[in-house]
Amino acid sequence: MKYLLETRNLTKKYKRFLANEDISLKVRENTVYGLLGPNGAGKSTFLKMVTGMIQPTKGEIWFDGSSWEREDLLEIGSLIESPPLYYNLTAYENMKLRALLYGLEDSRIEEVLKLVGLENTGRKKAGKFSTGMKQRLGLGIALLNRPKLLVLDEPTNGIDPIGIGEFRELIHRLKGEGMTIIVSTHILSEIMQIADDIGIIVRGKLAYQQEITKEEELEKLFIEVIKKAGERND
Ligand code: ADP
């Protein structure tokens, strides 16, 4: 079994607060990893270290068989917090800027715009997009370069219920193309149909990591894991 991403004792301290503590997490290649946990548990902190937005205090990150380097970011697409958009440009233009950076053909832009359902937005500027559309554009930008790893932090925030179904379909399709995907969420049901493996972060620690089980079981487990971790810390 090949792991595309592996962390060893990954730790992040903000002053004296341990936002991530000794997280050793493994993501199998060409799977969907659901990173679960209540709000404030440390999911974003973890994903920000993997995507080079913040530096670990301690620990290691391994990507595709070797120690993480900044160049790996060419193969790691991410959507964390608000998407990096130019509001005075159209969806196409926003993508074109990145396509130039990566040396990609215009045909790839068209393809990705279709993939995220923004092919008909024409001259509309990104600043006028709904929250869901902005998320889709952010997702499109993250995908543009066909990254090996796609990191999505609470991606369905702001997407309407129809969008959530489409989102699942898209994830499914990307996995079919060979991509590995990490999705974080605090809403269990969102991850159920798409994740192969799940990890649960509670108060900065990886409290659980396993292949996915049945929905009812996972729900129980989720509550139990959070309760137990709480008892340990109090
Ligand atoms: P999640 O993504 O699971 O909601 P976060 O990783 O965003 O959780 O946050 C984990 C904890 O770290 C929270 O208590 C948050 O307040 C704290 N935190 C996040 N970023 C910073 C920062 N830059 N400085 C200090 N504390 C932070």
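Everything numeric here is computed off the predicted structure, so don't read it as measured data. Read the numbers this way: they start at 1 and go in the same order the structure lists the ligands and their atoms. Counting from 1, the numbers follow the sequence of the chain as shown.
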Near ligand 1, which protein residues have a heavy atom under 4.0 Å away?
-> Tyr14, Phe17, Ala19, Pro38, Asn39, Gly40, Ala41, Gly42, Lys43, Ser44, Thr45
Are any of the side-chain nitrogens in Arg168 or Glu166 under 4.0 Å away from the carboxylate oxygens of its partner?
-> no
Linking I/L/V/M/F/W/Y whenever their side-chain heavy atoms sit closer than 4.5 Å, directly or via other members, would Leu144 and Leu89 fall into one cluster?
-> no
Measure from NZ or CZ of Lys134 to the centre of the six-membered ring of Tyr87 and say whether it is under 6.0 Å with the direction within 45° of the ring axis.
-> yes
Tyr33 and Gln209: side chain donor to acceptor below 3.5 Å = yes
For the residue pair Ser44 and Asp153, confirm or rule out a side-chain donor-acceptor distance under 3.5 Å.
-> yes
Donor-acceptor contact present, side-chain Thr180 to main-chain Asn30, <3.5 Å | yes
